[in-house]
Number of protein chains: 2
Amino acid sequence: MDSDYQSQARLFKAFSDETRLRVLEMLRGGEKCACKLLENLDCGQSGLSYHMKVLLESGIVTSRQEGKWTYYRICPEGAFAAVSLVKQLTTVTVDSDRCDCCEP
Amino acid sequence: MDSDYQSQARLFKAFSDETRLRVLEMLRGGEKCACKLLENLDCGQSGLSYHMKVLLESGIVTSRQEGKWTYYRICPEGAFAAVSLVKQLTTVTVDSDRCDCCEP
DNA sequence: TTGGTGTATCAAAAAATTTTTATGTGAGGT
DNA sequence: ACCTCACATAAAAATTTTTTGATACACCAA
């Protein structure tokens, strides 16, 4: 279906970092503003900004601006897409037989 | 449940590479030997070996040895674990309200 | 045993990601 | 307007991942 390996890889890269996993865990508890996330992370402000950009671009998180604050939350559509993709990537499409391509 | 961010990150890293995604796509069609995978990839033999190691260590692929050949296939348990983990990581646990931690 | 084939491993180089530091920008408040 | 705060962006440095090339190892056949 989706043959763009690069964009699929990008989605998983969003999940492939400890800091971003910590952020997701916090967001599971509901919307949070950047400053609140920062409090509970071991990274600098610009570091968080970088990580949030990765999460936003992957589609699993959305943000809204309010005054000078930015709030982040998990995006249900993006989350669903991620789950679907993992399922798709790991679903075997044949009755799994032994490969005998190299038998003598 | 699982609080080991590092090992979670490792699982997703397995999915975060174009070559490995191509391998998974091939394995969806059933077990394949290394040489068959290699034919359809743009990487060297040692490169494939490296990528397969990453996939094996993530648990989404298993291998079996037969003579001098190695056969790989998707591991249903590992695949299921991956799907579960994505679900867990993206499931919001509260009725999603606005965060007001920074309101004046 | 010897030689060839299929994979794995190691080390170095190359490439990509993450962190850090410095600076920029926009929203409010005074 | 000017200052400050919250966050973004840019560039450089640090770290991690991937690729490459050489070599090692296991298996098989002659």
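Below, chains carry the letters A, B, ... as their sequence lines are ordered, and counting in each starts from 1.
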Distance-only donor-acceptor pairs under 3.5 Å for side chains of residues 29-38 of chain A, two or more places apart:
unit_1, atom_1, unit_2, atom_2, d
A:Glu31, OE1, A:Arg64, NE, 3.4
A:Glu31, OE1, A:Arg64, NH2, 2.6
A:Glu31, OE1, B:Cys99, N, 2.7
A:Glu31, OE2, A:Arg64, NE, 2.8
A:Glu31, OE2, A:Arg73, NE, 3.2
A:Glu31, OE2, A:Arg73, NH2, 3.1
A:Lys32, NZ, A:Met26, O, 3.4
A:Lys32, NZ, A:Gly29, O, 3.3
A:Lys32, NZ, A:Gly30, O, 3.0

Contact class for A:Arg20 (heavy atom, under 4.0 Å): base, sugar-phosphate, or nothing?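 It contacts sugar-phosphate atoms only.
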Only pairs under 3.5 Å count here: list side-chain donor-acceptor contacts from residues 41-54 of chain A, not counting sequence neighbours, and write none if there are none.
unit_1, atom_1, unit_2, atom_2, d
A:His51, ND1, A:Arg20, NH1, 3.0

Involving DNA chain D, stems made of at least three consecutive Watson-Crick or G-U pairs, both distances under 3.5 Å: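 Correct response: C:1-30 with D:1-30.
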Enumerate the residue pairs fulfilling salt bridge (charged side-chain N to carboxylate O under 4.0 Å, His left out) with a member in residues 78-91 of chain B, sequence neighbours excluded, ordered by first and then second residue.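 Counting only pairs at least two positions apart or across chains, no salt bridge (charged side-chain N to carboxylate O under 4.0 Å, His left out) contact touches residues 78-91 of chain B.
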Pairs touching residues 88-100 of chain B that satisfy salt bridge (charged side-chain N to carboxylate O under 4.0 Å, His left out), sequence neighbours left out: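 Of all non-adjacent pairs touching residues 88-100 of chain B, those that pass salt bridge (charged side-chain N to carboxylate O under 4.0 Å, His left out) are A:Glu66-B:Arg98.
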Rounding to an integer number of Å, can you tell me how far [X] [atom1] sits from [N] [atom2]?
X       : N      : atom1 : atom2 : answer
B:Asp17 : C:dA15 : CG    : C1'   : 12 Å
B:Glu57 : D:dT17 : CD    : P     : 12 Å
B:His51 : C:dA16 : NE2   : P     : 13 Å
A:Arg22 : C:dT18 : CZ    : P     : 15 Å

Any pair with a residue in residues 12-36 of chain A that passes ring-ring contact (aromatic ring centres under 6.0 Å, His included), sequence neighbours left out, goes on the list, sorted by first then second residue, please.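 As it turns out, the ring-ring contact (aromatic ring centres under 6.0 Å, His included) pairs with a partner in residues 12-36 of chain A, which skip direct neighbours, are A:Phe12-B:Phe15, A:Phe15-B:Phe12.
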Quick test of your reading: applying ring-ring contact (aromatic ring centres under 6.0 Å, His included), list the pairs with at least one residue in residues 23-48 of chain B, sequence neighbours left out, ordered by first then second residue. none
B/S/- contact track for nucleotides 6-11 of chain D, protein heavy atom under 4.0 Å: SBBB--
In the hydrophobic clustering (ILVMFWY, side-chain contacts below 4.5 Å, transitive), which residues join A:Phe80, or is it alone?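 Its cluster mates, by chain and number: none.
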